[in-house]
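Reviewing the structure listed below.
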Number of protein chains: 2
Amino acid sequence: MIDENGFNEEEFLKNYDAKKYERPSVTNDIIIFTTEDKEESNPRKMPRKGMQVLLIKRKEHPYINQWATPGGFVRMNESLVEGLKRELKEETGVDNVYTEQLYAFGDTDRDPRTRVISIANMALIPKNSINPMAGDDAKEVAWFWVNKKLIKNDWEKENIEKIYELELKSIDDSVKIIYEIKETISKDIFRRRKVKYSLLEESTDLLAFDHYKVIDCGIDKLREKIEESPIAFNLLPRLFVVKELQYVYESIMGKEILNFRRKIGNMIVETDEKIEGKPYRPAQVFKFNENWEREF
Amino acid sequence: MIDENGFNEEEFLKNYDAKKYERPSVTNDIIIFTTEDKEESNPRKMPRKGMQVLLIKRKEHPYINQWATPGGFVRMNESLVEGLKRELKEETGVDNVYTEQLYAFGDTDRDPRTRVISIANMALIPKNSINPMAGDDAKEVAWFWVNKKLIKNDWEKENIEKIYELELKSIDDSVKIIYEIKETISKDIFRRRKVKYSLLEESTDLLAFDHYKVIDCGIDKLREKIEESPIAFNLLPRLFVVKELQYVYESIMGKEILNFRRKIGNMIVETDEKIEGKPYRPAQVFKFNENWEREF
DNA sequence: TGAATAGTGTCTATTAGACAATATGCG
DNA sequence: CGCATATTGTCTAATAGACACTATTCA
């Protein structure tokens, strides 16, 4: 097959100059989610859970000393997924993590160094399976409690406007970052639009780059997916108690769930195996049902 | 704020060498969907509809003379969305099109020229709003009927295996491209995996690059979104008849819908305006209800 | 008038939500 | 025992599916 220059494909490729055009850099960004027990004064009661994300404190320009989601440049000889798994391994020391691609962020001015396109991903891991410091050197790494909640829902205007608050709080309570997210739903031809993200004054710090958008996007996706596929199990150890699983769901969905055991159905099965060091009452131990079926 | 080299941010940026690392190329790929009337012998009956995608025939290596989804390289001075809109304008001559980002494809060997990462997008346009040849020169452009259907659903194995057929057929019936898609759902920790795409023998041609994956991904997304937001209106002119809208939904969802008018509820409103040249019976003309509300 | 679209009524089966009642295990 | 978790029962309201019946329009 010959082109208009009389080249066959082999010749064409030999003459192709990949350097001809300037190219953007591409990074993988990862929002590493986990769930963690919240305070519970009653020792006989199963503590409720909250969501956490892993952030790193940047040690370089730009955005030096600000918190950011982990990630890094995609190398030429690795696929997006391979690069993602490599980053995860470096950052958390863990293989075999559930990940899901979220969105490609590509504004021209997101990074002052150069044109950077970031592929945002989320990862779900059980809290105690990892040691975030593991892979890395002196980098400061920390878990942040994360919460996104609707604080205003305005039906008055022609466009429905919803205001959310995205709160990130370091576990030692020293850092607090709060964004306000204005979302309008313009009904001309029904689109949801994030119109405005703004940092609230209570914040003691702020996130690097446009990482507030990345995290916001990740929370939305996580909430959406948790209802349609059993990804919650990626946030728990292999063995658990029903209430524990329920609290994982509740922490993500941000509301209490009734009739939980019925809803989860035969997605979980009892097992005789014992969880060590979990003295909650009936302590009926469950695991994910490998033979679970549902209609597709 | 000073880094370990004693630089402030300004100095750091001045010394930053963007050329230091090799970078991948990034393209926007667009699956342009529309719906079109199918054959209907009875002139008094509203014809049912089918889905079509716009493909271009490549005039250059690699994959010369093969059909591909339109798209192009993202320029350094434009955002992903700006690049996408530019491509759409060039390809179809239309502004103001509904688009949605789908997925970033990033395998290392997708393009023999060089490392290319493609951001796949879908676009929805009413068929008669555009003239695909418009923007462009000698490029061959054509609408293809597109259909994806489940042809086998195997519950026997430990992993559920589903087999789909993705069929693309040029409107003049001269080109027919059929892929078989094997999808397994491994239930260890519930993931859907496209394991295998293979071209069927009946095909008279094949798609360039991994564009079968891109189109497959687009159809899935379209089917998913049509049920949760009123994007179907982007496939019709402003004024339409209920049955017409119903047939758009049916063509995308691939099945008949009962009680359609009740399901669509007050998402549409009657109007006195006339559609020119649409002699279907009661011809009750509707449009999208700008004041439509639903719970979020 | 007849055929095709539009709108309404209604029956049934299924499902979600709410909550009461009961069982179980452990300190 | 008392409390917290686990399981079952049941009532109600809401919803989806199916289909029949009526209205409207236009060649």
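This structure is a prediction, so every number in the text was calculated from the model and none was measured. Every chain is numbered from 1 and lettered A, B, ... according to where its sequence line falls, protein lines coming before strand lines.
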Taking the axis from the first five pairs and the axis from the last five, what angle separates them in the helix from C:dT1-D:dA27 to C:dG27-D:dC1, rounded to 10 degrees? 0°
What orientation do B:Tyr212 and B:Tyr179 show, parallel under 30°, tilted 30 to 60°, or perpendicular over 60°? parallel
Of the candidate nucleotides D:dA4, D:dT7, C:dA4, which contains the atom at the shortest distance from the side chain of A:Phe286? D:dT7
Base, sugar-phosphate or nothing for B:Glu270? Non-hydrogen atoms, less than 4.0 Å. sugar-phosphate
Test of understanding: with side-chain hydrogen bond (donor to acceptor under 3.5 Å, both in side chains), list the residues that count as partners of A:Lys38, not counting sequence neighbours. none
Is there a side-chain polar atom (N or O) of A:Lys263 under 4.0 Å from OP1 or OP2 of C:dT15? no
What N/O pairs connect the protein and nucleotides 8-13 of chain C at under 3.5 Å? Give each pair on its own line.
unit_1	atom_1	unit_2	atom_2	d
C:dG9	N7	B:Arg262	NH1	3.2
C:dG9	O6	B:Arg262	NH2	2.3
C:dT10	O4	B:Arg262	NH2	3.1

Under the side-chain hydrogen bond (donor to acceptor under 3.5 Å, both in side chains) rule, collect the residues that match up with A:Thr34, sequence neighbours excluded. none
Sequence neighbours left out, what passes side-chain contact (heavy atoms from CB on, under 4.5 Å) with A:Asn128? Give chain and number order. A:Pro126
Find the distance B:Gln246:CD to C:dA6:P and express it as a whole number of Å. 8 Å
Rounded to whole Å, how long is the line connecting atom CG of A:Asn42 with atom C1' of D:dT5? 12 Å
Establish, for the pair B:Lys49 and B:Tyr247, whether the NZ or CZ atom is under 6.0 angstrom from the six-membered ring centre and no further than 45 degrees off its axis. no
What integer distance in Å separates B:Met46:CE from C:dA3:P? 19 Å
Per atom distances to the A:Val241 side chain, the nearest of C:dA6, D:dC26, D:dA6 is D:dA6
Just jot down the side-chain hydrogen bond (donor to acceptor under 3.5 Å, both in side chains) partners of B:Glu273, sequence neighbours excluded, or say none. B:Arg238, B:Thr271
Whole-Å distance separating the NZ atom of A:Lys45 from the P atom of C:dC26: 20 Å
Could you give the NZ-to-C1' distance, from B:Lys255 to D:dA16, as a whole number of Å? 11 Å
Under the ring-ring contact (aromatic ring centres under 6.0 Å, His included) test, residues paired with B:Tyr103 that sit two or more places apart: B:Phe105
Could I get the full list of side-chain hydrogen bond (donor to acceptor under 3.5 Å, both in side chains) partners for A:Thr35, not counting sequence neighbours? none
According to the salt bridge (charged side-chain N to carboxylate O under 4.0 Å, His left out) rule, which pairs have a member within residues 246-262 of chain A, sequence neighbours left out? A:Arg48-A:Glu250, A:Arg48-A:Glu256
